[in-house]
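Note that the structure is a prediction, hence the values are computed from the model and not measured. Heavy atoms only: backbone and side chains are in, while hydrogens, waters and symmetry mates are out. Throughout, protein chains are lettered first and strands after them, A, B, ... in sequence-line order, and every chain is numbered starting at 1.
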There are 2 protein chains.
Amino acid sequence: MATISAASDQVIAGGAPPESNPHPSLEAEAHDFYSSLTDLLKVVQFRDRDRACCYDVSVAQCYALQTVAEGGPLAVNDLAGSLFLDKSTASRIAGALETKGYVHRRGDPDDGRVVRLEVTPAGAALNRRIEDDLSEEYARLLKDFPAEVRTGMIRLLRRLATTFSSRVDASGGSCCTIQKD
Amino acid sequence: MATISAASDQVIAGGAPPESNPHPSLEAEAHDFYSSLTDLLKVVQFRDRDRACCYDVSVAQCYALQTVAEGGPLAVNDLAGSLFLDKSTASRIAGALETKGYVHRRGDPDDGRVVRLEVTPAGAALNRRIEDDLSEEYARLLKDFPAEVRTGMIRLLRRLATTFSSRVDASGGSCCTIQKD
DNA sequence: CGATTATAGTTGCACATGGCAACCATCTCT
DNA sequence: AGAGATGGTTGCCATGTGCAACTATAATCG
């Protein structure tokens with residue numbers, strides 16, 4: 001697994017060959033990007049399903065744990081918004097995490113309706129472990145790429161996330177209205 | 001956090017001096033990468049759920065359609081492998097796509113057990129439309145990056161996908177065996 | 001102040017997804 | 001030809017998720 005790097009290293013280090021056309025084909029690149037991102041998503045969606053159970057949480061629970069761990073005491077509704085899920089689903093996820101001892105519910109002192117979610121020490125530890133394990137993997141992959149690519153990739157990922165996220169917000173949560181034909 | 005990175009960095013980079021870390025922020029970058037990729041995945045998993053219905057297929061069906069469209073006549077088993085799904089699930093997805101008229105099953109002339117999946121014209125058109133729509137979006141996002149960075153990022157994505165994919169293959173498909181603590 | 005409305009959360013229900021196991025049909029190998 | 005292997009389908013079940021109904025609390029308005 002760590003052995004993939006050898007062959008393509010020089011190519012990567014050398015960067016893109018300076019061809020006559022500096023933008024050979026943005027469309028082709030976009031298509032490559034689409035297909036590689038799709039491939040990655042396919043794998044990751046499966047990998048995450050598989051991996052999550054190693055940590056005794058589902059994928060959604062893992063996302064929720066991360067969100068709660070980073071977002072401080074978080075209302076169920078906010079968790080739902082952050083995960084793009086219905087509040088009922090968020091409530092159930094919170095319940096599952098609570099049962100497993102990774103978060104606990106506490107009533108908001110200022111608003112009796114609100115239930116605030118907080119990570120327990122165990123939850124914080126689990127979140128950190130997942131984070132570290134994945135970061136370690138990513139570090140292994142990133143280190144073979146030049147700094148501009150690494151930082152560019154991170155920026156691009158962020159931009160993708162925010163772009164899609166705003167799109168989702170705009171579309172209102174239910175099915176969008178694109179016509180079939 | 002990820003402690004392996006520093007050590008292996010020198011090996012790969014071929015003689016990074018151990019004095020000051022030549023990649024002082026690799027760990028930080030890996031963490032950024034993790035968090036931005038996670039954010040993207042959260043959004044995309046939702047967005048895809050939402051978007052797919054616009055095209056009258058589920059997320060898995062969309063992946064399957066793409067795989068069949070690109071992979072030529074494809075056995076159900078191969079589709080399952082490509083999507084990291086059980087063959088029964090692949091069979092059902094194929095059935096759904098067949099019902100919708102996007103693929104059709106045909107017995108393999110050389111092997112009576114095998115069912116080959118092929119896209120119909122409608123399926124090919126749908127796949128192309130999805131592909132074009134997304135590629136267009138990606139082109140808009142990519143065009144702000146220099147060409148070398150773009151190609152580097154695409155390569156990075158590919159490597160991510162292949163690395164994770166090989167990991168999944170190696171792990172055998174069922175749940176891995178990492179202990180909880 | 002009391003009544004109405006809005007908001008946060010939980011729960012009941014239904015549906016979609018996906019895996020496992022059983023099963024059948026076909027192929028391959030002695 | 002018989003035994004086992006392989007590809008595919010189906011039954012069954014667990015999980016995840018949204019919608020709607022419901023409860024409890026807050027906010028607003030008379």
Side-chain angles (χ1 to χ4, degrees), chain A residues 42 45-50 52-53 56-64 68 73-100 103-118 168 171-176, chain B residues 42 45-50 52-53 56-64 68 73-100 103-118 168 171-176:
Chain A
K42 280 194 303 194
Q45 288 191 8
F46 174 81
R47 182 206 65 168
D48 281 358
R49 262 208 312 273
D50 188 47
C53 65
D56 167 50
V57 289
S58 75
V59 177
Q61 286 166 18
C62 178
Y63 285 150
V68 173
L74 199 67
V76 172
N77 243 355
D78 295 339
L79 177 63
S82 180
L83 298 182
F84 306 102
L85 293 171
D86 190 83
K87 60 178 181 172
S88 64
T89 306
S91 174
R92 289 190 179 96
I93 291 175
L97 287 176
E98 190 182 33
T99 300
K100 292 177 181 176
V103 306
H104 61 82
R105 289 169 154 105
R106 192 185 338 169
D108 188 309
D110 297 335
D111 188 333
R113 300 168 298 180
V114 173
V115 171
R116 298 251 161 225
L117 305 171
E118 272 179 322
V168 166
S171 84
S174 94
C175 183
C176 63
Chain B
K42 280 195 303 193
Q45 289 192 6
F46 175 81
R47 182 208 64 169
D48 281 357
R49 266 207 309 274
D50 187 48
C53 65
D56 169 47
V57 290
S58 75
V59 177
Q61 286 166 18
C62 178
Y63 286 150
V68 174
L74 200 66
V76 173
N77 244 355
D78 295 338
L79 176 63
S82 181
L83 298 182
F84 307 103
L85 292 172
D86 191 84
K87 60 178 181 172
S88 65
T89 306
S91 174
R92 290 191 177 94
I93 291 174
L97 287 176
E98 190 181 33
T99 300
K100 293 177 180 176
V103 307
H104 62 81
R105 290 168 154 105
R106 192 185 340 169
D108 188 309
D110 298 333
D111 188 335
R113 301 168 297 179
V114 173
V115 171
R116 298 250 160 225
L117 305 172
E118 272 179 323
V168 165
S171 84
S174 96
C175 182
C176 64

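- Atom P of nucleotide C:dT10 and atom CZ of A:Arg113 are separated by 14 Å, given to the nearest angstrom.
- The side chain of A:Ser91 contributes an N or O atom lying less than 4.0 Å from OP1 or OP2 of C:dT10.
- B:Asn77 is linked by a side chain to side chain contact (heavy atoms under 4.5 Å, CB included) to B:Lys87, counting only residues two or more places apart in sequence or in another chain.
- For A:Asp108, the salt bridge (Lys or Arg N to Asp or Glu O under 4.0 Å) criterion is met by A:Arg116, not counting sequence neighbours.
- In this structure, CZ on B:Arg105 lies 5.0 Å from OG on B:Ser91, to the nearest 0.5 angstrom.
- Rounded to whole Å, atom C1' of D:dG7 lies 13 Å from atom CG of B:Leu74.
- Atom P of nucleotide D:dA14 and atom CD of A:Gln61 are separated by 17 Å, given to the nearest angstrom.
- Checked against side chain to side chain contact (heavy atoms under 4.5 Å, CB included), A:Arg92 has the following partners two or more places apart in sequence or in another chain: A:Ser88.
- Every residue meeting the side chain to side chain contact (heavy atoms under 4.5 Å, CB included) condition with B:Arg113, not counting sequence neighbours, appears here in chain and number order: B:Asp111.
- A:Ala90 comes within contact range of no nucleotide atom at all, as no heavy-atom separation falls under 4.0 Å.
- Of all heavy-atom pairs between B:Val68 and B:Leu117, the closest is CG1-O, 3.6 Å.
- Atom NZ of B:Lys42 is separated from atom P of D:dT17 by 14 Å (rounded to the nearest Å).
- Taking every heavy atom of residues 103-111 of chain B and every atom of DNA chain C, pairs under 4.0 Å involve B:Asp111, by number.
- Taking the screw axis at each terminus of the helix from C:dC1-D:dG30 to C:dT30-D:dA1 from five consecutive base pairs, the angle between the two is 10° to within rounding of 10 degrees.
- Contact annotation: B:Asn77 side-chain N/O to D:dG8 OP1/OP2 distance is under 4.0 Å.
- Looking at A:Lys42, its side chain never comes within 3.5 Å of a backbone N or O of B:Tyr63 through a donor-acceptor pair.
- In this structure, the CD atom of A:Glu98 is 12 Å from the C1' atom of C:dT10, given to the nearest Å.
- Checking A:Gly112 against A:Arg92, the closest nucleotide of DNA chain D that is more toward the 5' end is the one next to A:Arg92.
- Rounded to a whole Å, the NZ atom of B:Lys87 is 11 Å from the C1' atom of C:dC24.
- Every side chain to side chain contact (heavy atoms under 4.5 Å, CB included) that B:Ala64 has, sequence neighbours left out, goes to B:Leu79, B:Leu83, B:Ile93, B:Leu97.
- OP1 or OP2 of D:dT17 has not a single side-chain nitrogen or oxygen of A:Ser88 nearer than 4.0 Å.
- In terms of modelled atom types and a separation under 3.5 Å, the side chain of A:Ser82 and the main chain of A:Asp78 share no donor-acceptor contact.
- Taking atom CG of B:Leu79 as the reference point, atom C1' of C:dG18 lies 14 Å away to the nearest angstrom.
- The CZ-P distance, from A:Phe84 to D:dG16, rounds to 20 Å in whole Å.
- The side chain of A:Ser58 approaches D:dG16 more closely than any other nucleotide in the set D:dG16, D:dT17, D:dT9.
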